[in-house]
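Below, read A as the first sequence line, B as the second, and so on, with proteins coming before strands; counting in each chain starts at 1.
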Amino acid sequence: MMRTLLVADHDNRKLSPLAARVLTAARPLDAPVDVLVIGHGCDAVADAAALLTGVSRVRLLDAPHYADLLAENLAMVIAQLAGSYSHVLFSASSFGKALAPRVAAMLDVAPVSGVTRILAPDCFQRPSHAGNVIETVQCDEPVRLLSIHAAAFEPAAAGPAPATISELPAGPDMGVSQVVSRELHDTGSRPPLEAARVVVSGGRGLGSAEAFERLLLPLADRFGAAPAATRAAVDAGFAPNDWQVGQTGKTVEPELYLAVGISGALQHLSGMRNAGCIVAINKDPEAEIFRHADFGLVGEAAEILPQLLAELGG
Amino acid sequence: MKILVPVKRVVDHEIRVRVKPDGSGLDESGLRYAMNPFDEIALEEALRLREAGICSEIVIASCGDAAVQDTLRHGLALGADRAIRIDTPVTLQPLGVAKLLKALALQEAPQLILMGKQATDSDAAQTGPMLAAMLGWPQGCFASALSVKADRVEVRREIDGGLETLSLSLPALVTTDLRLNLPRFVTLANTMKARRKTIELMPAESFGVDFMPRLRVLRSEAPPERLPGEMLDSVSALAGRLKPFLADAEAQA
Ligand SMILES: Cc1cc2nc3c(=O)[nH]c(=O)nc-3n(C[C@H](O)[C@H](O)[C@H](O)COP(=O)(O)OP(=O)(O)OC[C@H]3O[C@@H](n4cnc5c(N)ncnc54)[C@H](O)[C@@H]3O)c2cc1C
Ligand SMILES: Nc1ncnc2c1ncn2[C@@H]1O[C@H](COP(=O)(O)O)[C@@H](O)[C@H]1O
């Protein structure tokens, strides 16, 4: 019988909104879905997962050596559980990308990464070559391990009654890695990129971190949007690393993607080409981004953005 | 310490690839190839560790047919000490690559494996964590800084939400992200010298592992085209187009 295990992203306190989207991705499998919450002191996460529509059970693994979500400890126990599932799903986040292949190797199965559509239990669509190729892949492995581009799916809603939560015994502590420090930035009330309805994104054309702060963020907040950036803007220190959208950053699929001072390199397009509406502001009328935009305006970011915010009543 | 850097030959990142109209795969005419950019970053980091006196030998390795020799020569020109080609009869997938690299790592016994987080052709991003798991080593994925401290390596990782620094016991495997370093350029003199170096050849079959591809690519299609857009002539026109996307759009209407 088919059964799906969804390994949920979380930070021990809150369930990531990506989980509800991965749950939707799993729907064509038409199989019961168990959500695995693995961490420490993460009861609230398990409770939130239990509330999602279509979850049949929440399986909770809580131990001190899972607190830091270290891949070595997590993979060990997930690989033990995975044997009783036909599908194991991760989101293609920094968490899932580091973990899914590690689990796959322990099971000697070939995983499929960056899935954007499940066509059949053994058949998946995924982009490759910076999104210039859409592959249809058949996977006949006994356990199908998938990482899912969460942005490609709508979130599952809250269900009528919570699923049962069962605690499982913890696996071993491998003791090979430890966290020295973390520098996490406060995202305030802004949504994660993959779950944002609107994304307001800046490129090198914005010119400085100060311009991101002064010109881009107020506009993003006016839309309740997630701010984003190109690789060039992140490299230049204008924006934090996890704002990077693109082939080697995040894949987003908002209703609106507003690109300011972005040239439209193929690596960037890879992460946002499926947005509902793409709007570009660039001072170069020949910029490639205009070829991919639904609407474009030529001009200086520093002049246009404040006027735009005023027009939008910000 | 000895460092192993697995490198992959990929389509040059500046090229927009096309698929064949019959959906059977890439149109390979007129493509240019290069070392996967993340592998150049991995090799650069190894070179810097050697220059700092921490690394004693850099071995690069690639699995593929004779064409990957160019990639290995490029790596030798950049400064790798040795290059190994694992000759494969078919195009591999990450699981097969990881198995061959595991077998190679057991022979070569490096203390550190530095490799790309992702190949920019397949966009799989799988081989690193797979190889770490097969060796039973700790992993530091998406590194933006790295320092070797006695018998451990500290890796700063780019993760969702910001940065995280891990301390891993050696031997360990680290995958590189874009901001780890800026790779150097090859000099003509070093390119000439690299031509004379030998590339060690090992048949994949000699490792006794099952490296055959497991996934079947049924179709390769082009992504859907977007319809041509409209250029606007004023900020007000732009604002008009954007208003429907405001969170309070209904309230305003
Ligand atoms: C291995 C690899 C992986 C990569 N991965 C990614 C990725 O994941 N994501 C990504 O984004 N990139 C990625 N890149 C980089 C990519 O190739 C481009 O270099 C990058 O996207 C360019 O960023 P940009 O558009 O901000 O900068 P630029 O290309 O420099 O463009 C800046 C734009 O701003 C405009 N401009 C300048 N001043 C103003 C102004 N005052 N007002 C308005 N407009 C202005 C210019 O006309 C120009 O079009 C990757 C590259 C490699 C090699
Ligand atoms: N054929 C190969 N030979 C050697 N190394 C490889 C090969 N394929 C992938 N790799 C390594 O694995 C990394 C990740 O590739 P991938 O998992 O295919 O995205 C690359 O950056 C290389 O370091």
Side-chain angles (χ1 to χ4, degrees), chain A residues 71-72 75 93-95 97-98 101-102 104-106 110-114 127-139 141 176-185 198 222-224 231 235 240-242 247-248 255-256 266-267 273 279 292-297 304 307-308 311-312, chain B residues 11 13 16-19 26 93-95 98 118 120-126 128-130 132-134 138-139 141-142 144 154 158-169 178-179 214-223 226 229-232 235-236 238-239 241-243 245-247:
Chain A
E72 297 80 3
S93 59
S94 61
F95 172 76
K97 279 182 182 166
R102 191 165 177 112
M106 298 173 88
V112 184
S113 38
S128 71
H129 295 81
N132 290 309
V133 181
I134 310 294
E135 293 179 351
T136 302
V137 179
Q138 183 172 335
C139 171
E141 299 285 20
V176 287
S177 59
Q178 67 203 46
V179 173
V180 177
S181 63
R182 287 208 178 97
E183 300 159 55
L184 302 182
H185 51 83
V198 177
R222 180 69 190 90
F223 284 100
R231 175 207 172 165
D235 283 2
N241 57 272
D242 64 333
Q247 180 189 16
T248 63
E255 290 170 25
L256 169 67
L266 62 95
Q267 289 84 7
R273 63 192 318 151
V279 175
H292 306 268
D294 299 282
F295 300 106
L297 183 63
I304 293 175
Q307 286 179 34
L308 184 61
E311 293 250 6
L312 294 172
Chain B
V11 177
H13 69 267
R16 187 183 300 272
V17 300
R18 289 182 201 292
V19 292
L26 275 196
Q93 291 170 351
L95 184 64
Q118 161 179 355
T120 56
D121 52 359
S122 65
D123 286 335
Q126 295 174 346
M130 282 185 167
M134 289 174 187
Q139 66 185 43
C141 292
F142 328 129
S144 70
E154 270 191 22
E158 293 197 355
I159 59 167
D160 294 349
L163 298 166
E164 170 183 273
T165 302
L166 294 181
S167 168
L168 311 175
S169 62
L178 294 166
R179 281 157 287 271
R214 302 266 186 92
L215 303 175
R216 279 207 300 145
V217 180
L218 304 179
R219 261 194 321 279
S220 299
E221 294 159 288
R226 291 187 81 96
E230 183 189 339
M231 293 306 283
L232 305 171
V235 177
S236 325
L238 179 60
R241 298 297 186 174
L242 294 181
K243 270 188 187 142
F245 295 101
L246 289 172

Nearest heavy-atom approach of A:Phe223 to B:Phe245 is CD2-O, 3.6 Å

Checked B:His13, B:Gln93, B:Met134 vs chain A; the most non-hydrogen pairs under 4.5 Å come from B:His13

d(B:Leu238 CG, A:Leu312 CG) to nearest 0.5 Å is 8.0 Å

dist B:Asp123:CG -> A:Gln247:CD (nearest 0.5 Å) comes out at 4.0 Å

| message | Tell me if a side-chain donor or acceptor on A:Glu141 pairs with a main-chain N or O of B:Arg214 at a distance below 3.5 Å. | response | no

When the 4.5 angstrom heavy-atom criterion is applied to B:Arg219 and chain A, the contacting part is both

On a heavy-atom basis, the closest approach of B:Pro129 and A:Ala98 is CB-O, 3.5 Å

Whatever's closer than 4.5 Å to a heavy atom in chain B on A:Gln178 counts as both

Interatomic distance, CE@B:Met231 vs CG@A:Leu297, rounded to 0.5 Å, equals 7.0 Å

So CG of B:Leu178 and CG of A:Asp235: to nearest 0.5 Å the spacing works out to 6.5 Å

Smallest heavy-atom separation, B:Ser220 atom then A:Val133 atom, equals CB-CG1, 3.7 Å

Under 4.5 Å to a heavy atom of chain A? For B:Gln118 that would be side chain

A side-chain contact here means heavy atoms from C-beta on lying under 4.5 Å apart; do B:Leu166 and A:Val179 qualify? yes

Kindly indicate whether the side chain of B:Arg241, heavy atoms from C-beta on, has any atom under 4.5 Å from the side chain of A:Val279.
-> no

Margin query: I'd like to know whether B:Glu158 forms a side-chain contact (heavy atoms from CB on, under 4.5 Å) with A:Asp242, so could you lay out the CA-CA distance, the side-chain angles of the two residues, the decisive distance to 0.1 Å, and finally the verdict.
Written below: CA-CA 7 Å; B:Glu158 293 197 355; A:Asp242 64 333; over 6 Å; no

Whatever's closer than 4.5 Å to a heavy atom in chain B on A:Pro111 counts as both

Scored by heavy-atom pairs under 4.5 Å with chain B, the best of A:Arg231, A:Glu255, A:Gln267 is A:Arg231

Please test A:Lys97 against B:Cys141 for side-chain contact (heavy atoms from CB on, under 4.5 Å), starting from the C-alpha separation and ending with a verdict. CA-CA 9 Å; A:Lys97 279 182 182 166; B:Cys141 292; over 6 Å; no

Looking only at B:Leu163, B:Thr120, B:Leu95, the option with the highest number of non-hydrogen pairs under 4.5 Å against chain A is B:Leu163

| said: Using the rule given for side-chain contact (heavy atoms from CB on, under 4.5 Å), can you reason through A:His129 versus B:Arg18, listing the C-alpha separation, both sets of side-chain angles and the distance that settles it, and then say yes or no? | reply: CA-CA 9 Å; A:His129 295 81; B:Arg18 289 182 201 292; over 6 Å; no

message: Is it the case that the side chain of A:Glu72 and the backbone of B:Gln139 share a donor-acceptor pair, with hydrogens and angles ignored and the cut-off at 3.5 Å?
response: yes

Whatever's closer than 4.5 Å to a heavy atom in chain A on B:Leu242 counts as both

For B:Pro223 and A:Gly131 the tightest heavy-atom approach is CG-O, 3.3 Å

If one checks every heavy atom of B:Ser236 against chain A at 4.5 Å, the contacting part turns out to be both

Whatever's closer than 4.5 Å to a heavy atom in chain A on B:Val217 counts as both

>> Would the distance check show the side chain of A:Glu135 and the main-chain N or O of B:Ser122 forming a donor-acceptor pair, the cut-off being under 3.5 Å?
In response: no

Minimal heavy-atom distance between A:Leu184 and B:Gly162, with the atoms involved, is CD2-N, 4.0 Å

Applying a strict 4.5 Å limit to non-hydrogen atoms, the region of B:Ala125 in contact with chain A is backbone

Whatever's closer than 4.5 Å to a heavy atom in chain B on A:Val198 counts as side chain

Cut-off 4.5 Å, heavy atoms of chain B, and the answer for A:Gln307 is both

Answer key: most heavy-atom pairs under 4.5 Å with chain A among B:Ala133, B:Gly161, B:Ala239, B:Gly229 is B:Gly161

dist A:Glu183:CD -> B:Ile159:CD1 (nearest 0.5 Å) comes out at 10.0 Å

Taken to the nearest 0.5 Å, the spacing of A:Gln138 CD from B:Leu215 CG works out to 9.5 Å

Closest non-hydrogen contact found for B:Leu168 with A:Ser177 is CD2-CB, 3.4 Å

Expected output: side-chain B:Arg226 to main-chain A:Arg273 donor-acceptor under 3.5 Å: yes

Whatever's closer than 4.5 Å to a heavy atom in chain B on A:Ala75 counts as neither

